[in-house]
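The block underneath contains the structure these notes are about, expressed in structure tokens.
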2 protein chains.
Amino acid sequence: MTMRAFSRSLPMALMRARESVMAEFRPILAAHDITEQQWRVLRALVDAPGGVGIGDLAASTVLMGPSVSRILVALEGRGLIRRSPVDHDGRRSIVAATPAGFELYESISPASEDAYHRVEERFGAADLDQLHALLDRLSTVLAD
Amino acid sequence: MTMRAFSRSLPMALMRARESVMAEFRPILAAHDITEQQWRVLRALVDAPGGVGIGDLAASTVLMGPSVSRILVALEGRGLIRRSPVDHDGRRSIVAATPAGFELYESISPASEDAYHRVEERFGAADLDQLHALLDRLSTVLAD
DNA sequence: TATTGTTATACTCTATAACTATA
DNA sequence: TATAGTTATAGAGTATAACAATA
């Protein structure tokens, strides 16, 4: 049985690719004093203007519950998000971006879009579509 | 200009895919009491039996220098790697896996190969090849 | 002076468990 | 009892700067 070379490691390939892409995005986030994980949360909230439950938020951002809790405290402290109680269930709460949160998102978004387009330009739009499709399917078939 | 949906984020897609794949590998590493990053280092060393410089090791494993330093201390403490001085340059050292390091690698490797084959089976060998090709090219075109 | 590698520091996230409040 | 979310804790990595040794 032939051993796969180190470079054929799928997790490594995915990580290297992610690192390469994030190198384009990281300076933008750093300039706005927001971590990658905080940005993931903010994006998820902007994408769901009606608000999201905290458990769902953790799942959609691929973050642990405790991490989400701490991130929400930080974002709340900056006035970027707010929590609302849920009727008939005092355990839950719904999180949503505040106007300031949307504003921060909008101020970061153009540079982020530019970075994405630079990637698209260098890599090719068709290949990028194909890559997205493959990645989504990989995540889907491996999900239990 | 249409906003890309949250789910179209390339870094997110790469991370989700990596998470899905790592879910297959993580229990194997945990069972051998080795972290993901330690495993990356060990694999890199097994892949380069002649040894590698520490700077090159950091680059090839996508780890920071200080992280590599600490990981090497840990692996050295378990007798899995050794350092050798480099002739004519007292600043450098070469790191290589010890027999115990190769042995640990060999004891983990079969389960790791199995996991990879399970992924291949569910995802399709041809698509996996194509994914690898796209990921490698993405990393290449974005490398400065 | 520049380079290789280690050490120091502050911050963040992971991962698990314990805990609180509610259902 | 089970669930949603927070808090506590231990461990590891990120990122940068400072440092020692050597070139």
Enumerate all atom pairs, one protein N or O and one N or O from nucleotides 12-16 of chain C, separated by less than 3.5 Å.
| from | atom 1 | to | atom 2 | distance (Å) |
| --- | --- | --- | --- | --- |
| C/dC13 | OP1 | A/Thr35 | OG1 | 3.3 |
| C/dC13 | OP1 | A/Gln37 | OE1 | 3.3 |
| C/dT14 | OP2 | A/Ser67 | OG | 2.6 |

Detail all sub-3.5 Å separations between protein N/O atoms and N/O atoms belonging to nucleotides 19-23 of chain C.
| from | atom 1 | to | atom 2 | distance (Å) |
| --- | --- | --- | --- | --- |
| C/dT22 | O3' | A/Gly90 | N | 3.2 |
| C/dA23 | OP1 | A/Gly90 | N | 2.7 |

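Whole-Å rounding puts the B/Arg92 CZ to C/dT3 P distance at 11 Å. Atom pair B/Leu57:CG and C/dT4:P shows a separation of 15 Å (rounding to whole Å applied). In this structure, A/Ile94 atom CD1 and D/dA4 atom P are separated by 12 Å, rounded to whole Å. For the pair A/Met22 CE and D/dA15 C1', the interatomic distance rounds to 14 Å; values are reported in whole Å. The CD1 atom of B/Ile54 sits 9 Å away from the C1' atom of C/dT6 (whole-angstrom rounding). If you take CZ of B/Arg83 and P of C/dG5, they are 10 Å apart, rounded to a whole angstrom.
Across all their heavy atoms, B/Ala44 and B/Ser60 have their closest contact at CB-OG, 4.2 Å. Here the closest non-hydrogen pair linking B/Met15 and A/Thr61 is CE-O, 4.0 Å.
A donor-acceptor distance shorter than 3.5 angstrom exists from the side chain of A/Arg137 to the backbone of B/Phe123, with no hydrogens or angles considered. No donor-acceptor pair under 3.5 Å is formed between the side chain of A/Ser93 and the backbone N or O of A/Pro85.
Using a 4.0 Å cut-off between charged nitrogen and carboxylate oxygen, A/Arg82 and A/Glu76 do not count as a salt-bridge pair.
B/Arg122 pairs in a side chain to side chain contact (heavy atoms under 4.5 Å, CB included) with only one of the listed residues (A/Leu138, A/Thr140, A/Leu142), which is A/Leu142.
Listed by chain and residue number, nothing satisfies the side chain to side chain donor-acceptor pair (under 3.5 Å) test with A/Glu103 (two or more places apart in sequence, or in another chain).
Cluster annotation: A/Val141 is connected to A/Leu14 through the hydrophobic network of ILVMFWY side chains, with a link wherever side-chain heavy atoms come within less than 4.5 Å.
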